[in-house]
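Sequence positions, counted from 1, serve as the residue numbers for this chain.
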Amino acid sequence: MVQELTKAEQEKIFNEEFLPHIESVYNFAFYLTNDEEDAKDLLQESFLKAYKYAGYYQEGTNAKAWLLKILKNTFINEYRKKSTKPRQLDYDNIEGREVSEDMGIVDLRHEVFKEMIGDEITKAINELPADYRLIILLCDLEGFKYEEIAKIVDVPVGTVRSRLHRARNLLKEKLADYAKKKGF
């Protein structure tokens with residue numbers, strides 16, 4: 001149900017309900033995009049939508065979950081737009097960089113992670129398929145309950161449990177050598 005809000009009411013909801021979650025929403029955007037600038041853009045677009053559609057938000061409910069759902073939908077919509085466009089490469093910017101053979105573009109994650117010695121866990125999470133990464137981030141990093149995750153991701157609770165189980169198993173496989181090195 002949509003509420004007609006005055007500008008003052010809209011700003012109050014935005015400042016009191018939404019802004020306190022900006023850091024968590026940004027962190028989630030960064031995990032989805034693996035790029036600081038893309039995460040900032042995604043965050044900005046998501047908060048603009050949250051402000052614009054504040055009348056759809058029910059005060060006192062889980063604002064963080066509502067914001068993450070907007071962010072997730074925005075991310076998916078942007079991904080779809082990009083995937084339907086032909087790839088364009090700026091060859092002037094690629095000169096002197098290693099190009100990924102399978103995609104024909106630079107994989108920036110390798111450049112980021114070579115500077116992060118010992119950050120194997122973050123690397124392993126980022127290498128998960130997007131559906132699994134999304135679930136594990138919402139559950140294990142953000143602390144949402146299965147039912148909340150199901151609402152955010154728009155899948156049944158059983159699918160959340162299944163994906164979480166598979167994601168954790170994939171992480172276990174990816175991090176087995178790292179765990180042995182650390183004595184676990």
Side-chain angles (χ1 to χ4, degrees), residues 21-43 45-46 49-50 61-85 87 98-184:
H21 301 290
I22 196 165
E23 190 173 318
S24 290
V25 176
Y26 170 77
N27 289 336
F28 190 64
F30 183 78
Y31 278 114
L32 288 175
T33 62
N34 291 318
D35 181 82
E36 189 175 330
E37 290 304 314
D38 288 344
K40 287 178 183 177
D41 290 343
L42 184 58
L43 177 74
E45 189 168 339
S46 299
K49 287 179 181 178
T61 60
N62 192 341
K64 185 176 174 183
W66 195 75
L67 290 167
L68 291 178
K69 186 170 186 166
I70 291 171
L71 182 113
K72 181 224 27 145
N73 289 337
T74 304
F75 174 74
I76 289 170
N77 290 337
E78 287 300 313
Y79 177 80
R80 286 181 182 150
K81 281 182 198 173
K82 288 178 184 176
S83 67
T84 60
K85 290 182 183 176
R87 287 195 183 136
E98 187 176 315
V99 177
S100 171
E101 290 178 22
D102 61 333
M103 295 176 64
I105 59 173
V106 177
D107 187 352
L108 296 177
R109 290 179 294 183
H110 295 297
E111 290 183 26
V112 171
F113 289 122
K114 73 181 179 187
E115 301 299 322
M116 295 182 186
I117 298 170
D119 203 7
E120 287 85 359
I121 295 170
T122 301
K123 183 178 178 187
I125 290 172
N126 287 334
E127 290 175 349
L128 288 174
D131 287 341
Y132 296 151
R133 183 172 67 227
L134 181 64
I135 300 294
I136 207 154
L137 291 172
L138 288 171
C139 182
D140 294 340
L141 293 178
E142 294 296 332
F144 284 102
K145 297 176 183 161
Y146 295 157
E147 293 78 17
E148 294 171 319
I149 296 169
K151 287 179 184 175
I152 293 169
V153 183
D154 290 326
V155 297
V157 174
T159 303
V160 170
R161 288 187 175 118
S162 172
R163 287 181 185 172
L164 183 60
H165 178 74
R166 289 183 188 141
R168 287 176 175 162
N169 283 340
L170 286 170
L171 282 177
K172 195 181 334 178
E173 290 172 17
K174 289 179 182 285
L175 295 170
D177 291 337
Y178 175 71
K180 287 177 188 174
K181 287 179 189 175
K182 295 293 182 183
F184 294 105

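The heavy-atom pair separating L68 from F144 by the smallest distance is CD1-CE1, 3.1 Å. Residues A167 and L128 share a closest heavy-atom pair of O-CD2, 4.1 Å. When every heavy atom of L164 is checked against every heavy atom of C139, the shortest pair comes out as CD2-SG, 3.5 Å. Taking each heavy atom of K40 and Y26 in turn, the nearest pair found is CG-CE1, 3.9 Å. Taking all atoms of both residues into account, the shortest heavy-atom contact from A65 to I152 is O-CG1, 3.6 Å. The two residues A29 and L71 have their closest heavy-atom pair at CB-CD1, 3.7 Å.
Rounding to the nearest 0.5 Å places CG of N126 at 9.0 Å from OG1 of T33. Here E148 contributes atom CD and E142 contributes atom CD; the two are 11.5 Å apart, rounded to the nearest 0.5 Å. Taking OG1 of T122 as the reference point, atom CD of E127 lies at 11.0 Å (rounded to 0.5 Å). With rounding to the nearest 0.5 Å, the separation of CG in N62 from NE2 in H21 is 7.0 Å. Atoms CG and CG, from N27 and L43 in turn, are 9.5 Å apart once rounded to the nearest 0.5 Å. Separation of atoms NZ (K72) and CG (L32) is listed at 10.5 Å; rounding is to 0.5 Å.
With respect to the salt-bridge test (charged N to carboxylate O, under 4.0 angstrom), the residues K151 and E147 do not qualify.
Contact check for D154 versus K69: side-chain heavy atoms found under the 4.5 Å cut-off. At least one side-chain heavy atom of V153 sits under 4.5 Å from a side-chain heavy atom of R163. Looking at heavy atoms from C-beta onward, Y132 lies out of side-chain contact with L171 at the 4.5 angstrom threshold. Put simply, the side chain of L134 reaches to within 4.5 Å of the side chain of F28, judged on heavy atoms. A 4.5 Å side-chain heavy-atom check between E45 and D41 finds every atom pair outside the cut-off. Taking the side chain as every heavy atom from C-beta outward, I135 and T159 never approach each other to under 4.5 Å. At a threshold of 4.5 Å between non-hydrogen side-chain atoms, the residues E173 and L170 count as touching. Within the 4.5 Å cutoff, the side chain of I125 has heavy atoms near those of the R133 side chain.
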